[in-house]
Every structure is written in structure tokens, then in C-alpha cells.
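Have a look at the structure below, then the notes.
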There are 2 protein chains.
Amino acid sequence: MSPRYANVSEREQEPPSLAISTVIFALRPDPDTGTLTLWLPLVRRIRQPYLDLWALPGGPLRPSESLQDAAARNLRETTALTPRYLEQLYAFGGPDRSPSPRVVSIVYWALVQPDEAALARQDENVAWFRADKVGTLAFDHNQIVEYALWRLRNKLEYGTVAYAFLGSTFTLAQVREVYEAVLGRELDPANFRRQLQASVHIEPTEHYLQGGRHRPPRLYRYTGPDPRDESFPSQRPEAMEH
Amino acid sequence: MSPRYANVSEREQEPPSLAISTVIFALRPDPDTGTLTLWLPLVRRIRQPYLDLWALPGGPLRPSESLQDAAARNLRETTALTPRYLEQLYAFGGPDRSPSPRVVSIVYWALVQPDEAALARQDENVAWFRADKVGTLAFDHNQIVEYALWRLRNKLEYGTVAYAFLGSTFTLAQVREVYEAVLGRELDPANFRRQLQASVHIEPTEHYLQGGRHRPPRLYRYTGPDPRDESFPSQRPEAMEH
DNA sequence: ACAAAAGTGTTCTGGATACACCCATGT
DNA sequence: ACATGGGTGTATCCAGAACACTTTTGT
């Protein structure tokens, strides 16, 4: 089955259509191992091409919404969640990435904090996958997910997106868990703590987290700029640190 | 004069159209001061909106070309040059960035080596401007140029784009001049030389540059990966170093 | 001889890493 | 008492910055 180039002339005529897609990342414990890992929601294709394969959530741009609004909307529509972080990833537009009608996709990536309701939303056509085990996706979506992962890791190491995964207060060990889950390797607790404390974006509170079976760790608060402001476009270009 | 929202309903109906624009950078000596500086070509608007203002070169996407091909094409059409480096910058698509028919622009940025012929191409409607003195541009193009400049500086510091400004062999002082021109500050020659030599992307040749009124400097050759491969999409994702 | 840039050597500092060690809590 | 992570101290290493100094050419 390769009807890919069945109607080339038709494809040559029409102007390419525009779509917005979003790679949505969330952290949650693996139900088997219990360790914190990266997950993302995918939707099942209910029409050709790539019928029945899993794909990134997405859809057309509505006339009066911005690109970013469209991404936030299709995030909300598939997960019922609000993005903690949302940034443009890349525009994909090769003439052969989709059979027949050409589609240019502007892709965003997002970080969310899943709650029970959102995870329950799993049905026939929406499901969460471990980011490292998504299987074969429709279109060029495997490539896109890979690239989004690379960007996430980059922003984590050089930016402040980690806090988008966390609540308003957190322990330094929780921050480290986020880094370890996303980067996929262990970090030295002692040095990691010092790096965070040196980074100025963080402030100790007077509270401690009780309930562990060990010394209660101090809670901290994030005081730096909204991580969203580190992405372009921004009202204040100085915010583009890295 | 603000006919911006004159026909909102009309704008709400039509699907947004897609355009490709390109920020093209070249280094050449300032005709006044003689120091190496950054320049870019702009084209004059010959229709409304923003009639007579300067704008980035751009145009529609043709049915069978890739986004990058379209950028290379409108680069060639306005400067008659071939890009040494070409990378996607960002997709701009706010509903209000252009009056009346909504336009989503996918913007690329490029580095070129201008030759005499290309610079002669200045006419009524195409001219080169110092990157720090472009004046007021059409649409949101001032923002776009600022962002492209930021990206260029970033890629220069963390990547290997500098060599796209240079010929096949060059002295270390020439590399330093590129950095100084783009970053806008002076660098220590001694330390800069050592950093380059440590960076492995560079190889000494047996030749020396004669003709200066001082000790002839050794010529070097760039041996690292094509700087283009450091941008996405790439055939080999490992190439995404930073 | 002298100017000018090429190229080398040396010192200092700050950040990252590795890892030993002490602290405070629940059981 | 002891296990478990929280939290501190410290030695080492390496990259970058500052800057003095030597080398090789043209004039």
C-alpha cells in the first residue's frame, strides 16, 4: 500500500494547509517501577492517512487565535489541563511529510502537572505513553517527539523549566528527582543542592516536609522569572537569557 | 491612519496565508570606519500595507518546495547569493501582526559571503543596512531582526557558525575579528587563540598569510561538521550538540 | 632599530566533581 | 540503636581571564 504519490498534480495545485500540534510532557511515577518518568498523551488517528496509529494532538488554527493560543487549546481539549509551560518548538513543512494534501505544522511543546481527572481521561482514542516508549507514530511525529525531548533536556540544563513540574513549594530533592527523570541519569545530591542554592532563583521557606522516615527536608520556593518568559516572543527581549 | 480593523469580519473568514521570510546576515567593513560589521539586505515595500517601508525579503511558499528551499530561494532572488548557513528562526503568527489578510510567517536566518556583484545589486528597492541601524521596518520585522541577532550571537558562542563567514583557510585573528564584530566587544587574542586550538574543529596548514606589516600568521582550516548540521532537522540527531 | 601583530608562559580564580562526614528524624 | 535521606566540609581538577613576555616579520 503506497498511494502516497497517487495524486501529485492535485497536491501541486492546492496551497499547503496549516496545522498546530503540541508535544505535551508530564512527570509521573511509573506504575510498575514506581520511579518518576516522563509521559506524554497521544491521540489515535480516526481517519486516513495513518488510520489507527497514534499521533500528536493537533488541529487547524482558528482565525482569531494566536499560534500559542491554538496550542493551549488543543492541549486543553485532549488533556483538560492547563499548561505550566508552553513554547514553540519548530515548523515542519516538507512537501512529503503527509500524503496528498500538503500540511505545514507549527509544533509547540508544553509541560503540565497531571491530576487524577486528567489521567482518568484515557479512552479508546487518548492515552498516555512513556516518552521513551511511544512506538511508531503517524507522519513524522517520532522525529518531532525526539526533538522535543532534546529541547526539554536542554532547557532544563540551561533554564528554569524544572519548576514548571513542581508545586509552589518543594524540597531540593524533589527538584533533583525532576532532573534525574528528564535527563535519565543520577546526580550527586550534595553538589546538586549547592548549584541550586547558588542559582539565586530559589528561596528557603520556614517550613519542612514532614512524614518521611528520616530528617525532614526544608521546603523552598521558586522566585525567579516565570519560565515562560524565557521563550520567545517576549515583551522584554532581555528575558532571553539562553 | 488606522484602517487596521476596518474589515474584521473579512479577516475572520479567510484561512491565514503562509509566507516565508529570511533574515540574511553578512559581514563587511564599514565604509566609514573600516571596521568589520554586520549587515543585512532589506527590500522596499511596493504595496500596501507599509508602502515604502523597508522589510525582510520573503514571499509565499511554492507547492513543491520545502520551507528551507523557499528561504534559500528568496535569499537568492534578493541577493543573488548562496547561503553558507541557513536555519529556521521562528514562526510568527499573531492575528494582528498584519492588517486585514492574516499572514503566518515562517522566518529563516542565513549567513552569506557577499561578493562585489551582490553588493552592486543595490537598487531603489533593495539595500544593505548595518544590523544595528535598520530604522523602523514594516510589520513586526524589527522584533524579528532583534531575535535573529540574538540567535546568531548564541550560535556563535556555542556553535561553529563563525566559519560560515570565512573562506576555506583563515588566520586565527580573522576568526577573532568575526567574533568581535558579531558580539560587539573585544576579545583577548591570547586566550581566544587557545580556546580555538582546544576546540578540535580546527587544523593548522603549512601556509602563512603574507603581506601584513608584521609577522605572518599561520593559516588554519576548519575540519568540524558542516555548521548547517547543527540545526534541526538533521539526518543524525546526535548532531544536535547544543 | 622599531612598530606591530603573532604566538607562548604563568598566575589566579571560580565552578564542577568526587566523596568523606555529620545531622535529625521515624521505627 | 540504626537506617535513611538531609545537609556540610573539603580536596582536586579544569576552563577562563588577565597580563607579562618572546618571536618574526615589514619598514
Side-chain angles (χ1 to χ4, degrees), chain A residues 29 33-36 153-154 156-160 162 166-167 169-181 183-221 224 241-242, chain B residues 29 34-36 153-154 156-160 162 166-167 169-221 224 241-242:
Chain A
T33 70
T35 60
L36 206 59
R153 295 193 175 116
N154 233 34
L156 193 77
E157 292 195 272
Y158 301 110
T160 59
L166 296 164
T169 65
F170 44 82
T171 69
L172 300 189
Q174 288 171 336
V175 184
R176 182 164 49 83
E177 279 181 78
V178 170
Y179 275 75
E180 291 180 337
L183 299 180
R185 65 184 143 94
E186 297 198 338
L187 300 169
D188 184 300
N191 294 328
F192 186 81
R193 127 188 310 278
R194 266 186 295 254
Q195 287 178 22
L196 285 191
Q197 285 170 332
S199 77
V200 195
H201 296 302
I202 235 172
E203 193 178 70
T205 70
E206 291 311 310
H207 305 108
Y208 295 80
L209 182 63
Q210 307 292 338
R213 53 177 160 289
H214 50 74
R215 175 173 173 177
R218 184 186 283 270
L219 289 167
Y220 288 77
R221 194 196 337 273
E241 294 170 12
H242 197 102
Chain B
T35 59
L36 205 59
R153 293 190 176 119
N154 234 33
L156 192 78
E157 294 194 272
Y158 301 110
T160 59
L166 296 164
T169 65
F170 45 81
T171 69
L172 299 190
Q174 288 171 338
V175 184
R176 183 165 48 83
E177 280 181 76
V178 170
Y179 275 75
E180 290 180 339
V182 173
L183 299 181
R185 65 186 144 95
E186 299 198 336
L187 300 170
D188 183 297
N191 294 328
F192 186 80
R193 128 187 309 280
R194 267 187 294 252
Q195 287 179 22
L196 285 190
Q197 285 169 331
S199 76
V200 196
H201 297 302
I202 235 173
E203 192 178 69
T205 71
E206 291 311 310
H207 305 107
Y208 294 80
L209 182 63
Q210 306 291 339
R213 50 178 161 292
H214 52 73
R215 174 173 173 177
R218 184 187 282 271
L219 288 167
Y220 288 77
R221 195 197 336 273
E241 294 171 14
H242 202 111

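Just so it is clear: chains get the letters A, B, ... in the order the sequence lines come, proteins before strands, and each one is counted from 1.
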Gap between atom CG of D188(A) and atom CZ of R194(A) - 0.5 Å precision: 8.0 Å
Within residues 208-219 of chain A, the residues having a heavy atom closer than 4.0 Å to DNA chain C are G212(A), R213(A), H214(A), R215(A), P216(A)
Gap between atom OH of Y220(B) and atom OG1 of T205(B) - 0.5 Å precision: 8.5 Å
Any side-chain heavy atom of L156(A) within less than 4.5 Å of one from Y179(A)? yes
Quick check: closest heavy atoms across P204(A) and R218(A), and the distance to 0.1 Å? CB-CD, 3.7 Å
In the structure I gave you, are the side-chain heavy atoms of E180(A) and T35(A) within less than 4.5 Å of one another anywhere? no
More than 12 heavy atoms of other residues, nucleotides or ligands under 6.0 Å from CZ of R153(B): is that the case? yes
List for me each residue that meets salt bridge (Lys or Arg N to Asp or Glu O under 4.0 Å) alongside R193(B), sequence neighbours excluded, and say none if there are none. none
Nearest 0.5 Å, what's the OH-CZ distance between Y208(B) and R215(B)? 8.0 Å
Take the C1' atoms of the five end pairs on each side of the helix from dA1(C)-dT27(D) to dT27(C)-dA1(D), derive the two axes, and give their angle rounded to 10 degrees. 10°
Close residues, residues 183-197 of chain B, relative to DNA chain C [heavy-atom separation under 4.0 Å]: A190(B), R193(B), R194(B)
What are the two closest non-hydrogen atoms of G34(B) and P29(B), and how far apart are they? O-CB, 3.7 Å
Partners of Q174(A) by side chain to side chain contact (heavy atoms under 4.5 Å, CB included), sequence neighbours excluded? L166(A), F170(A), T171(A), E177(A), L209(A)
Side chains of L196(A) and R176(A): closer than 4.5 Å at any heavy-atom pair? no
Chain A on DNA chain D: first and last contacting nucleotide, 5' to 3', under 4.0 Å to a heavy atom? dT4(D) to dT10(D)
